[in-house]
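Values below: all heavy atoms of this structure, side chains included; hydrogens, waters and symmetry mates excluded. Bear in mind the structure is a predicted one, so any value in this text is a computation, not a measurement.
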Amino acid sequence: MAKKMITGAEALMKSLKAEGVKTVFGYPGGAIMPVYDALYDYAQGEHKAFEHILVRHEQAATHAAEGYARVSGEVGVCIVTSGPGATNTLTGVADAMMDSTPMVVIAGQVSVAALGTDAFQEVDLVGVAQPISKWSYQIRRAEDVAWAVSRAFYIARSGRPGPVVLDFAKNAQVATTAYEERHVDFVRSYMPYPPLNEEKVRLAADIINQAKKPLALVGQGVELGHAQEELVAFLEKADIPAARTLLGLSALPSGHPLNMGMLGMHGNYAPNIKEQECDVLIAVGMRFSDRVTGDLSRYAKQAKIIHLDIDESEIDKNVKTDVAVVADCKESLPAITRLLKKNVHRQWRDSFAPLYEKERKMVIEPAIHPKDGPLLMAEVVNVVAEQTHGDAVLVNDVGQNQMFSSRYFKFNNKRSMVSSGGLGTMGYGLPAAIGATLGVPQRTICLFVGDGGLQMSIQEFGTIMEHHMPVKMILLNNNYLGNVRQWQDMFFNGRKSFTRMLNPAYQHICQGYGIDYRFVMEREELADAVREMLSTEGPFLLECAVREEDNILPMVPPGKAVDEMLLEI
């Protein structure tokens, strides 16, 4: 019997369903209309295969897909049209590439016959996306749809995850094909899971067993590899204190006794100092970003470096290693743990305490429990953290709001941290929170955002309104582009060049979108306002008027070593 012929657009729908897609973020347009017509039968009604979320801007579709992927562990999906629709996704593609987020972007394209003619809304998307994606491909024939989609999802989710871009020519959308489900699990020359080198494992274990002052650096690779339990077993057996990168914050519970805090430019004082004292540094699923290492020429020169990462290209890229174990950390961590001696490093662990105490007295206590003056960002974050008891998902935008919320939030559960790390994309927070809300609807999503970042994606209030998404938005409003202002004060003689902002009346904007709102300026009202926000069923914007020139400390100044961290300015 001849197989039923279907359009390439419907083949896409069947292929997405076969991949287990539950949620799609998108925005229709001319070159993708056949796909949206097919979507009509798959995304509504009692037999719908998945939910489509109409965003208000294509960049927001990608950030929402990122947020969804980060909390759920699934591949984020977005569908857009050609030309500006496609180019609007590129910031999100680059963001996902930097932060190893699995995402598939499907963009419409003009018909093959019109390629190269500068047709309306034609852009060489594959050429533009190739350097910033894990794979980009143009679908020119309907019969290639099933294969291309399966290959895209396999590449996006396997190994070190990342974004894939499919450029879907319009003729391939409307042409017919005899659809047959495909399952791609092999790509020539692509080895997503390198085989574990047992000799490297043994060498790593030997070095750790001989260490007197070991320190582990925990990155997002632990979350991506679903290796949180394996990490804890590794740390506890050898009694290794650990510090987390920004994107690795929820890979280890905040309250774990071996958790020594956050690494990096605005991380905690103790782990930054101790990086320059440890005798063995074990990096797990992290890439030695410049925001972690400071001046590379003076970084951890006294230590033997062990690097566990799934991506061989990260080995020796920034920091020269003594032993590299290139494998999935869910495999490499237990392999090393089996060879470790049960150890105790009490004196070394205890040496972190005076440094933490110094930071607590000089920075933390004055920031979260100020005696007078305007509200401070840290105290707002601290009150939200106390009332969510470490069980909420933290989403933040970029800037001071990002650093304050990352430092003072608390994490009991894995996959609870959603942030734009590598690219530092302002405007990321609001759409990412939308995606996170759909990825884990049973959890509370707390978004911290500045007045600058919020206005970069404030149109997504419309998406929140349409779906009544219960995002809890905490606006830290200082009337400045705060992080840039701080750098201007510290390094540019206080010349505040175009960083002060005139803000709109957010309460009126919220009223127009049907979003509950409360304004807080007085310290005495803060706890009650947070309770109201968290107890409100739907979306809520809590605007906090904070000190205009609040500075995020500690800080490793640019060009300095990590042990030159400033506790005061």
Side-chain angles (χ1 to χ4, degrees), residues 266 362-388 392 394-410 419 426-430 433 446-458 471-490 494 496 498-510 515-534 540-555 567-569:
H266 293 296
M362 293 183 66
V363 177
I364 297 174
E365 280 300 318
I368 65 175
H369 295 129
K371 293 181 172 59
D372 52 29
L375 284 173
L376 299 182
M377 293 189 222
E379 72 173 309
V380 175
V381 177
N382 184 59
V383 170
V384 177
E386 286 180 341
Q387 293 196 25
T388 52
L394 169 64
V395 184
N396 49 35
D397 205 79
V398 168
Q400 287 184 317
N401 68 87
Q402 180 183 35
M403 294 297 103
F404 274 113
S405 59
S406 298
R407 278 179 54 83
Y408 294 102
F409 214 68
K410 297 292 183 288
S419 190
M426 285 183 68
Y428 170 95
L430 183 58
C446 291
L447 164 68
F448 287 87
V449 63
D451 41 310
L454 179 61
Q455 291 182 78
M456 284 195 173
S457 53
I458 198 167
V471 183
K472 310 306 178 188
M473 299 168 277
I474 303 97
L475 169 59
L476 303 175
N477 190 351
N478 58 5
N479 299 303
Y480 270 104
L481 300 176
N483 216 37
V484 183
R485 191 275 312 154
Q486 179 173 336
W487 280 52
Q488 288 173 335
D489 279 347
M490 294 179 67
K496 298 179 179 63
F498 301 101
T499 44
R500 185 167 180 84
M501 299 189 74
L502 178 63
N503 279 294
Y506 291 106
Q507 69 269 31
H508 296 321
I509 296 173
C510 286
I515 294 173
D516 285 325
Y517 168 90
R518 182 165 173 179
F519 176 79
V520 175
M521 180 181 287
E522 301 301 327
R523 184 161 289 114
E524 294 74 23
E525 296 179 26
L526 179 60
D528 181 66
V530 171
R531 275 191 293 272
E532 180 185 351
M533 175 186 71
L534 294 174
F540 197 105
L541 177 67
L542 175 61
E543 181 182 359
C544 300
V546 297
R547 180 182 175 187
E548 287 194 346
E549 298 189 357
D550 196 2
N551 290 319
I552 178 69
L553 289 167
M555 180 180 186
L567 289 170
E568 57 187 359
I569 299 176

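Taking E549 as the reference, nothing meets the side chain to side chain donor-acceptor pair (under 3.5 Å) condition, with sequence neighbours excluded. Taking P366 as the reference, nothing meets the side-chain contact (heavy atoms from CB on, under 4.5 Å) condition, with sequence neighbours excluded. Partners of E525 under the salt bridge (Lys or Arg N to Asp or Glu O under 4.0 Å) rule, at least two apart in sequence or in another chain, do not exist in this structure. Taking the side-chain contact (heavy atoms from CB on, under 4.5 Å) definition, one finds that M456 meets it with M426, sequence neighbours left out. Partners of M490 according to the side-chain contact (heavy atoms from CB on, under 4.5 Å) rule, which considers only residues two or more places apart in sequence or in another chain, are Q486, M555, L566, I569. Contacts of R547 classified as side chain to side chain donor-acceptor pair (under 3.5 Å), with partners at least two apart in sequence or in another chain: none. Looking at residues two or more places apart in sequence or on another chain, you find a side chain to side chain donor-acceptor pair (under 3.5 Å) between N396 and S405, S406, S419. With sequence neighbours left out, the salt bridge (Lys or Arg N to Asp or Glu O under 4.0 Å) criterion links R500 to E548. D528 is linked by a salt bridge (Lys or Arg N to Asp or Glu O under 4.0 Å) to R518, counting only residues two or more places apart in sequence or in another chain. Evaluation of the side chain to side chain donor-acceptor pair (under 3.5 Å) rule for R485 yields D489, N551 as partners, not counting sequence neighbours.
A donor atom on one side chain and an acceptor atom on the other are not found under 3.5 Å apart for D451 and N479. Under the 3.5 Å distance criterion, with hydrogens and angles disregarded, no donor-acceptor pair is assigned to the side chains of D550 and N478.
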Going through the checks in order, is the side-chain contact (heavy atoms from CB on, under 4.5 Å) test met by M533 and Q387? CA-CA 11 Å; M533 175 186 71; Q387 293 196 25; over 6 Å; no
Given Y506 and I458, is the side-chain contact (heavy atoms from CB on, under 4.5 Å) satisfied, shown in steps? CA-CA 10 Å; Y506 291 106; I458 198 167; 4.2 Å; yes
Under the side-chain contact (heavy atoms from CB on, under 4.5 Å) criterion, do L454 and D397 qualify, and how do the steps go? CA-CA 8 Å; L454 179 61; D397 205 79; over 6 Å; no
Evaluate the side-chain contact (heavy atoms from CB on, under 4.5 Å) criterion for residues L542 and K472: first the C-alpha distance (whole Å), next the side-chain angles of each, then the deciding distance (0.1 Å), finally the verdict. CA-CA 8 Å; L542 175 61; K472 310 306 178 188; over 6 Å; no
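Counting heavy atoms from C-beta outward, Q400 and Y480 have side chains that stay 4.5 Å or more apart.
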Can you list, pair by pair, the side-chain donor-acceptor contacts under 3.5 Å of residues 374-385, counting residues two or more places apart and other chains?
from : atom 1 : to   : atom 2 : distance (Å)
E379 : OE1    : R523 : NE     : 2.9
E379 : OE2    : L376 : N      : 2.9
E379 : OE2    : R523 : NE     : 3.1
E379 : OE2    : R523 : NH2    : 2.8
N382 : ND2    : E386 : OE2    : 3.4

